[in-house]
Amino acid sequence: MRFAFTDDQVAFRDAVRDLLAKECPPEVVRAAWPEGEVPGGAKPGEGARADADRLDAVWRALADMGVLGIAVAEEHGGLGMDELNWVLIAEETGYAALPHPFVETVCVAAPLLGRADLADGSATATVQPGRDEPVPWASADVLLAIDRDAWTLTVHDEWEADAVASVDGARQLASVRASGGEEVGGAALAFDRGALGTAAQLVGLGRRMLDLTVAYVVERKQFGVQIGSFQAVKHHLADAALDLTFAAPAVHRAAWSLATASPDASRDVSMAKAMASDAAHRAGRAALQCHGAIGYTVEYDLHLYVERAAALSRAWGTAAWHRGRVGRALEI
Amino acid sequence: MRFAFTDDQVAFRDAVRDLLAKECPPEVVRAAWPEGEVPGGAKPGEGARADADRLDAVWRALADMGVLGIAVAEEHGGLGMDELNWVLIAEETGYAALPHPFVETVCVAAPLLGRADLADGSATATVQPGRDEPVPWASADVLLAIDRDAWTLTVHDEWEADAVASVDGARQLASVRASGGEEVGGAALAFDRGALGTAAQLVGLGRRMLDLTVAYVVERKQFGVQIGSFQAVKHHLADAALDLTFAAPAVHRAAWSLATASPDASRDVSMAKAMASDAAHRAGRAALQCHGAIGYTVEYDLHLYVERAAALSRAWGTAAWHRGRVGRALEI
Amino acid sequence: MDLEWSSDERRFRDEARTWLEAHLAEWKAGHDGDLSGDTRDGFARHLVWEQMLFADRWAVVSWPEAFGGRDASLWEWLIFEEEYYRAGAPQRVTQNGIFLLAPTVFEFGTPEQQAHILPRMAAADDQWCQGWSEPNAGSDLASLTSRARRVDGGWVLDGQKTWTTRGAFCTHLFGLFRTDPESERHKGLTYLLVALDTPGVTVRGFGRLDGDEGFAEVFFDEAFLPDDALPGGVVLGGEGQGWSVAMATTSSERGLTLRSPGRFMAATARLIELYRSAPDDPLLRDRVTRAWMKAEAYRLQTLQTVTGTVEGRPAGAETSLVKIWWSELDVELHEVALDLLGADAEATGPWSKGWQFSLSGPIYAGTNEIQRNIAAERLLGLPRR
Amino acid sequence: MDLEWSSDERRFRDEARTWLEAHLAEWKAGHDGDLSGDTRDGFARHLVWEQMLFADRWAVVSWPEAFGGRDASLWEWLIFEEEYYRAGAPQRVTQNGIFLLAPTVFEFGTPEQQAHILPRMAAADDQWCQGWSEPNAGSDLASLTSRARRVDGGWVLDGQKTWTTRGAFCTHLFGLFRTDPESERHKGLTYLLVALDTPGVTVRGFGRLDGDEGFAEVFFDEAFLPDDALPGGVVLGGEGQGWSVAMATTSSERGLTLRSPGRFMAATARLIELYRSAPDDPLLRDRVTRAWMKAEAYRLQTLQTVTGTVEGRPAGAETSLVKIWWSELDVELHEVALDLLGADAEATGPWSKGWQFSLSGPIYAGTNEIQRNIAAERLLGLPRR
């Protein structure tokens, strides 16, 4: 019995963390948002603070580090590693709100398709996690369409995509129509990997929102004192930390269950996704509330993470959907 | 449009409030609890603080004031008044945790059976609000058994009762077996009146727990200050007040709906019971938490109200059961 | 107790409903799709709607006829609001003037000020934004530092306001300025009325979470505000009296006038429609039912409050609880809708936009943390510390 | 990461399970029905069980063999606890000694004190209760006023302790006394070990919400406590060092040692059984699932913490979050059970009694409000004010 990651896994995580801190600051996330007008109105200030040149660079840097191929088989140029080796990295991509299809490409498509171009960063994949659901990262090269009722998975190289405005402008959401394609096996495993990667990102997002808020309430004064000294603020943030502290082990365990092909893997993934969705949601609410009006503006960075968390908490199955799957596994 | 009670209704409420403050203090509620040992262990301190002589006196005083016959037809010696005239009084009996079958006798049985002995206090009634449910006030003279599936109501003058220990020792809970009896009409209306009276009592109980707690946290010091000055304590109690403030109008409206035979009466009663159950529950949790260890002892009075609220919040249909009925009325 | 409307009130409702249906259709025919009033183009289009309301005296029903209203009772006001939201009529881009400034003008304005300001506000000729918050004075309003220096024939303004909703599109700003430089906290403040085209005043709009340019920063750089910029003068309620004048406004902001039950009744009605259009789900049904009950309880509590107001028992500290209730209900009902939509909730739409907007409710007009403090201290009597 | 038990650990589990099944049946055969350890008769009967545990070295598995344990690893301790609760074994009436006092004796006791106190505690020959709280010092432990005056050959104790769980039945009390009358707050306190039959000490039991006489007040009236009342002396950790000694105990109270995951895993397993016995209800199914997930997450978080402890990375301020989590989970899972029971929940039974007991969780061992403060300040770094 040992519930901890190896030193190598932690070191790889730390390296990715450092890379993303440097290469994927908020202005890179902003660069993925559409310029100028969005359907709801103007986005002033976005353009000025966005750094478009670096948007592709971060993905290339991840490729160079070997991160993109972590789950690609070695014969296709990857590292051939399992979920335990990428779950912490997925968490970091959530912390950074990485505006690229990490979960879809690295966690789902790469181990399934075994394509070298996914490992070296020259191609990306996206996933439709359920029939008729919207698809993010619409400019990807390959689409995996999962049917969560029939548990089938179809690989499409071509499809039609109509852009859909997302609450998270970086996600490049689309409504897709695809016909033909190649049906391959492993739909349930692919879905579980995607849900796990998304759960890990939600934990990372929750931590980012909590960190931003802690920094803000220590800095900001009202009524002559730091607002972080108010008990109500302390308790909001302690509650956010509470849920994240207990969601994270659930996510890590789910990675172990997938890596060891445990018969409980789907249950464990669903527990992870349900808890991570709720924890990120609570962290987002606490973050906004403790920031006050500034958190509600697009000039401040918080919204980049709040909107991502809102999107991911309902993508790959809502918390309630996943609890339903846990309940069935418990035979209740 | 006028959402307020008449001066007469308020004056009657005030008179009952004064009477109960004098005649039904905690030591009278304690007197209704069983002496000495209960299945879980000893109840030391109960006996010493109970005032058994006054237990019957409070019921007689209510009879003398005309309260017990408020809903009995005038030809049977009552006041022949409707739900709007007793709902505030039911609230006061909750505030006092009156250890007598007020809802069952005054709100449910009296208008249905039209018996003079219920109005003058010489007889009491109890109700089984659903098939196989436990019955409080087991020493009552008449039992109305309601079947909430078939919506029938059977009046029993004789039945067998096996005492069941209740979390609220004053309730005289029993498991009953009754055969025969007389089936009468009006089961749904009788149930709605009982649920309304119980909802009103829950609002009163919530207010009592809140009042006790406010008094305690103003008095009690920790860390050199009144504990009521801590923001966490303030917010617990503000939340309790919040739910009570919005549950009360729902209860009062349900009384109007019943009194005017509104087609929405059952929906409105269910909304009232659901909200009052949740509000009293939240008030009880806040009260216990803000009291700390002393609220957890039987020597302190709080438990008398917490236990009653726990019993009533699930009697006459749980909050979820009532929300289900509201949802059906909304056709969802 | 009588929870039925009189025949006069029912007639008033019918009249409002008929007018709204016809004129909304007309207004909506003039542009494509849903339009936010918090963008420059949308704001202009909303002013057309405001002018239609004013032309038929629906802009400010509860105001005296002399100022453009109908002298409607509070009950009629409630009915109008119910019908307004029921019809799906647009947000009132003039609301900060009508609901925040106007009550103060009624209470503290001179007859000359009232006669000038109120009809132009009702007609949307002038559009007022609020200038309360500053970069370092949000919830702690008394710490503001924007100042007005008395000079011959007027005031010289310096400093910065922020979070002024729709400030980039409005014509006028009302707000507090420190007129006694030696003063601290609540003292030495004056309530000033400032045209935004005053030289030395700069407005910069910026974006809100929901994607609209709904906020603005307003900079005052040695801006000279002449005493006669407005008939009756630019000071509301007397020099140095700003705090008590503003607090009167703040309390109207927190009470009935800001959030009529009609808005939440209409939103829960739409939520119920949304539920009916989706596959049956007992968990979501329970949450929809809860949201409906809370909106209904809000309506009932408002009826109780209006009864008290009409009968001379005005609402007290429980207005803090009212603010908590509607703002948390608003978030809750939108979150239920998003959970109903599931993966589709991510797409921008009325529910996701409404959710983003709802998140501001627990923050503005006094955070819910402060409201809970107020309720505990003033309603329950807990010590201030 | 390896979440499987070794074959040695599985053997240990089998041994524990087999022993518990056999001996529990034997013990339960000796009395009728469920029996609370927090009544006088129940306590006595529970001591029989404690002696059975001790006889076969199951009383304190993680202690050194010299003191009655098995030198079990933390993993084995976790396994034993899982099996203990899974088997439905009774509460440990000796737990306040074993889990609160013993770690302090291990850390601060002299060899002579350890040799005397620990084996007698493990054997339940001495039963220890805690003397922390006073009528005016609950969460604010540093404000306590019970005092011990130094006299020739011992101490004279005066004052009052309260909320001492099972104090009416125990033989000994450990607690803090003010030994420097000039001192304030955390200073001048000494950790004393007091036999309750010391002349001048009076114990009065009183009732808890759940109907048991589980609490006691302990009065000290010029009670003379000789230095040699216990081998090695009655002071633990040095005169005037009481606060730091006690804090070490408090942190063990808050961490792993007090609430093993086994308890909540067993409770949720019973909750699932209860759900299966009732008509299907999607709302309750969801709540049962939530409770199970929280218990499971608690188990996982514990495995993570134990791994860290074993590998030399001991838990820090997150123990405050752990206390919040298990105590609120405990309330939640019992409330789900009561809602499942509906009207029958009112009847006294294991679930209603468990619910009443659970309500004390967010209060004792540092209220959850204080735990949230600690988490915010020490884990997140928010200012203390």
Side-chain angles (χ1 to χ4, degrees), chain A residues 37-46 128-130 132-134 136 164-169 171 173 175 220-224 227 230 232-233 236 281 284-285 288-300 302-303 306-307 310-321 323-324, chain C residues 33-42 133 135-143 162-163 168 185 204-215 281 283-284 287 331 335 338-349 352-353 355-357 359-360 362-364 367-370 372-373:
Chain A
E37 296 288 316
V38 296
K43 287 269 179 201
E46 283 299 330
Q128 184 177 43
D132 298 331
E133 292 189 2
V164 172
S166 163
V167 294
D168 176 2
R171 290 253 294 167
L173 203 65
S175 146
R220 169 87 168 166
K221 287 190 177 183
Q222 290 272 279
F223 303 101
I227 60 176
F230 288 108
V233 170
H236 280 317
H281 176 259
R285 285 291 307 277
L288 279 170
Q289 189 65 24
C290 293
H291 271 85
I294 196 172
Y296 197 69
T297 64
V298 293
E299 299 207 351
Y300 189 76
L302 178 63
H303 83 104
V306 170
E307 316 266 34
L312 295 187
S313 68
R314 294 187 185 88
W316 295 89
T318 63
W321 187 90
R323 280 198 303 277
Chain C
D34 282 339
L35 195 66
S36 166
D38 295 359
T39 61
R40 189 165 296 277
D41 294 345
S133 298
N136 288 306
S139 294
D140 182 14
L141 200 52
S143 68
T162 192
W163 321 121
R185 306 289 301 163
R204 190 187 74 91
F206 60 99
R208 247 178 8 205
L209 191 60
D210 60 2
D212 292 350
E213 192 184 344
F215 288 138
D281 181 317
L283 269 74
L284 287 164
R287 292 174 65 198
V331 176
E335 290 191 341
L338 296 186
D339 285 339
L340 252 160
L341 291 168
D344 291 327
E346 182 183 348
T348 301
S352 68
K353 219 164 139 58
W355 169 70
Q356 290 170 318
F357 183 75
L359 295 174
S360 68
I363 294 169
Y364 78 99
T367 67
N368 285 10
E369 287 72 26
I370 289 178
R372 285 184 163 87
N373 288 356

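Excluded from the calculations below are hydrogen atoms, water molecules and symmetry mates; all remaining heavy atoms, backbone and side chain alike, are included. Remember, predicted model here, so these are calculated numbers, not experimental data.
- When side chains are defined from C-beta on, C:Thr367 counts as touching A:Gln289, because their heavy atoms get closer than 4.5 Å.
- Contacts between A:Ser166 and chain C at a heavy-atom distance below 4.5 Å involve backbone atoms as well as side-chain atoms.
- Top candidate by heavy-atom pairs under 4.5 Å with chain A, chosen from C:Asp339, C:Leu283, C:Val331, is C:Asp339.
- Distance OG1/A:Thr318 to CG/C:Leu284: 7.5 Å, rounded to 0.5 Å.
- The greatest number of non-hydrogen atom pairs below 4.5 Å with chain A, out of C:Gly342, C:Gly42, C:Gly33, is found for C:Gly342.
- Taken to the nearest 0.5 Å, the OG atom of A:Ser175 stands 9.0 Å off from the CG atom of C:Asp344.
- In this structure, C:Ala345 and A:Arg314 approach most closely via the heavy-atom pair CB-CD, 3.8 Å.
- Heavy atoms of A:His236 lying under 4.5 Å from chain C belong exclusively to its side chain.
- When each of A:Ala232, A:Ala315, A:Gly292, A:Gly169 is scored by its heavy-atom pairs under 4.5 Å with chain C, the top score falls to A:Gly292.
- Within the model, atoms CD of C:Gln356 and NE2 of A:His303 stand 10.0 Å from one another, a figure rounded to the nearest 0.5 Å.
- Between C:Lys353 and A:Val167, the closest side-chain pair of non-hydrogen atoms is not below 4.5 Å.
- Both the backbone and the side chain of C:Leu338 come within contact range of chain A, with heavy atoms under 4.5 Å apart.
- Between C:Trp163 and A:Ile294 the shortest heavy-atom distance is CH2-CA, 3.2 Å.
- Contact annotation for C:Arg372: neither backbone nor side-chain heavy atoms come within less than 4.5 Å of a heavy atom of chain A.
- Residues C:Leu359 and A:Arg285 are in side-chain contact: their nearest non-hydrogen atoms beyond the backbone lie under 4.5 Å apart.
- Side-chain contact between A:Phe230 and C:Asn373: absent, with no pair of heavy atoms (C-beta onward) separated by less than 4.5 Å.
- Considering all non-hydrogen atoms of both residues, C:Ala343 and A:Pro134 come closest at O-CG, 3.6 Å.
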